[in-house]
Protein chains: 2
Amino acid sequence: MAARRLNNPLALAVLTLLVERPMHPYEMSSTLKERSKQESIKLNYGSLYSVIESLLKRGLIEVQQTTREGKRPERTVYAVTDEGRDVMVDWLSELLSTPAKEFPQFEAGLSLMPALGVDQAIALLERRLDQLRRQHEVGRRMLRQASELGLPRLFSIEHEYELALQTAEIEFVDELLDELKSGAFPGVQIWRRIHELRSTGLSMDEVDARIRDEFAEEYPWLDEQ
Amino acid sequence: MAARRLNNPLALAVLTLLVERPMHPYEMSSTLKERSKQESIKLNYGSLYSVIESLLKRGLIEVQQTTREGKRPERTVYAVTDEGRDVMVDWLSELLSTPAKEFPQFEAGLSLMPALGVDQAIALLERRLDQLRRQHEVGRRMLRQASELGLPRLFSIEHEYELALQTAEIEFVDELLDELKSGAFPGVQIWRRIHELRSTGLSMDEVDARIRDEFAEEYPWLDEQ
DNA sequence: AGTCAATTACTCGACTTCGAGTATTCGATG
DNA sequence: CATCGAATACTCGAAGTCGAGTAATTGACT
């Protein structure tokens, strides 16, 4: 009845910490924060405790001891099991070796973009580009500082990855904006026309008919389907 | 008491569809699939129905009619409300204009990579690079086909974005591998040494002490903390 | 000696996600 | 004309996510 496979990378982080040494949950969370791992692995208390519960149920970790000081809440110290060690290696190996399908918010936004008007979209993308550039500058500065302090890149390689993705996104948005603004982007006329017609109060069906009529030659795909 | 803000982009997709015309849930799901939106917006039945329930409760959509044909399950047709229209525009605007923090799996993997050995990591990254290149080739081919059929780029811009990110990841992994293999990567010696010591059965504390001793000069940060 | 912010340490429950399961109808094929 | 797979249309419950809330302790500064 193998319970649904554990998915939250936070559980993997817990395993790697417990391979180093036994810890109690709060210590795990502080250690992750200290090492800036919470920037690449979503960390919040609720999830941490439920993820630990889940690891326990699967036998990947076990209770080492529970202590109590004064009237403070009980502290439970956990340790990794042999099986947990194996799962850690397998899971981490998979994360590194196998590209996973992700669903970035911006990708969703782009795919629904035609629901807005062209000019609105341009303005929004310009704001994005602005913020991206600013964030990117901040990120670069922090990496430089870390390297000046002599921290080996090994411990911030994930931030370099983030910067690489950010650079790519900046280039993408920049080029897209150029094409949209110059009108070179294929489809921008039809997009503009649809919103023009819509805003005159026509129904979607009527808009559709007009569009097919006006753009039939340019876009043969309008006929299909 | 504003219920926790709706987060699933699938709800936004539902709103954009209902702005086009009223629909029942199953039709929404087929339409999204037809337009290949399920590649950029995670779609599964359970979520679809619960997201619709949620939109209904917030008054962003309303029931237009419920019909029943034969003994088939009832079909409920939904329509967007004025408030829903507004929320759609605001939400989509935010997706496009504001970079959101994402937590890609690979970023998590990279940040925990030191838990594996150097050579193992190299082998895993090589497998990733391989698969990335293959997937990228497939993606490019599909985009080319779409453009040959005359489909305007507007309706597949999200796939171009995906390709751009993939390109960046390929370059990143490629460079990282070069540095790891040549030993030019700062920290690779210390990383290797830690795993060597660990595998001789030393405890984490002892490993720590040895490392501090051996690498004190190269890495001043070892002293701090 | 008091107090106030920060830190330590976890709990709770409302909400969301997920996908396997159910049940009907349509269409193609032998 | 029987049947079998694909498509239609949704239900259900187990599991996971999230962050505000609680409550004690430490430390710094008046």
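None of these values were measured; they are calculated from a predicted model. Letters A, B, ... mirror the listed sequences (proteins, then strands); counts begin at 1.
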For this session: With sequence neighbours excluded, tell me which residues meet side-chain hydrogen bond (donor to acceptor under 3.5 Å, both in side chains) with B/K101.
Result: A/E162
Seminar exercise, completed: Residues passing the side-chain hydrogen bond (donor to acceptor under 3.5 Å, both in side chains) test with B/T167, sequence neighbours excluded, are B/H136
Problem set entry | Pairing residues for B/E206 by the salt bridge (charged side-chain N to carboxylate O under 4.0 Å, His left out) criterion, not counting sequence neighbours | none
For this session: Rounding to 10 degrees, work out the angle separating the end axes of the helix from C/dA1-D/dT30 to C/dG30-D/dC1 (five pairs an end).
Result: 10°
Problem set entry | Pairs meeting criterion ring pair (Phe, Tyr, Trp, His ring centres under 6.0 Å) with involvement of residues 21-61 of chain A, two or more places apart | none
Exercise. In chain order, what residues pass the side-chain hydrogen bond (donor to acceptor under 3.5 Å, both in side chains) check against A/E94, with sequence neighbours excluded?
Worked result: A/R5
Problem set entry | Counterpart residues, side-chain hydrogen bond (donor to acceptor under 3.5 Å, both in side chains), relative to B/N7 (two or more places apart) | none
Problem set entry | Proximity to DNA chain D (any heavy atom under 4.0 Å), residues of residues 23-32 of chain B only | B/H24, B/P25, B/Y26
For this session: Just grab all the salt bridge (Lys or Arg N to Asp or Glu O under 4.0 Å) pairs involving residues 135-148 of chain A, residues at least two apart or on different chains.
Result: A/E137-A/R141
Protein and nucleotides 18-21 of chain D: nitrogen or oxygen contacts under 3.5 angstrom:
| residue | atom | partner | partner atom | Å |
| --- | --- | --- | --- | --- |
| D/dC18 | OP1 | A/K42 | NZ | 3.0 |

Exercise. Got a sec, which residues hit side-chain contact (heavy atoms from CB on, under 4.5 Å) with A/S47, two or more places apart in sequence or on another chain?
Worked result: A/N8, A/L10, A/N44
For this session: Using atom CD of B/E53 as one end and atom C1' of C/dT17 as the other, report the distance to the nearest whole Å.
Result: 15 Å
Seminar exercise, completed: Residue pairs passing the salt bridge (Lys or Arg N to Asp or Glu O under 4.0 Å) test with at least one member in residues 76-87 of chain A, sequence neighbours excluded, are none
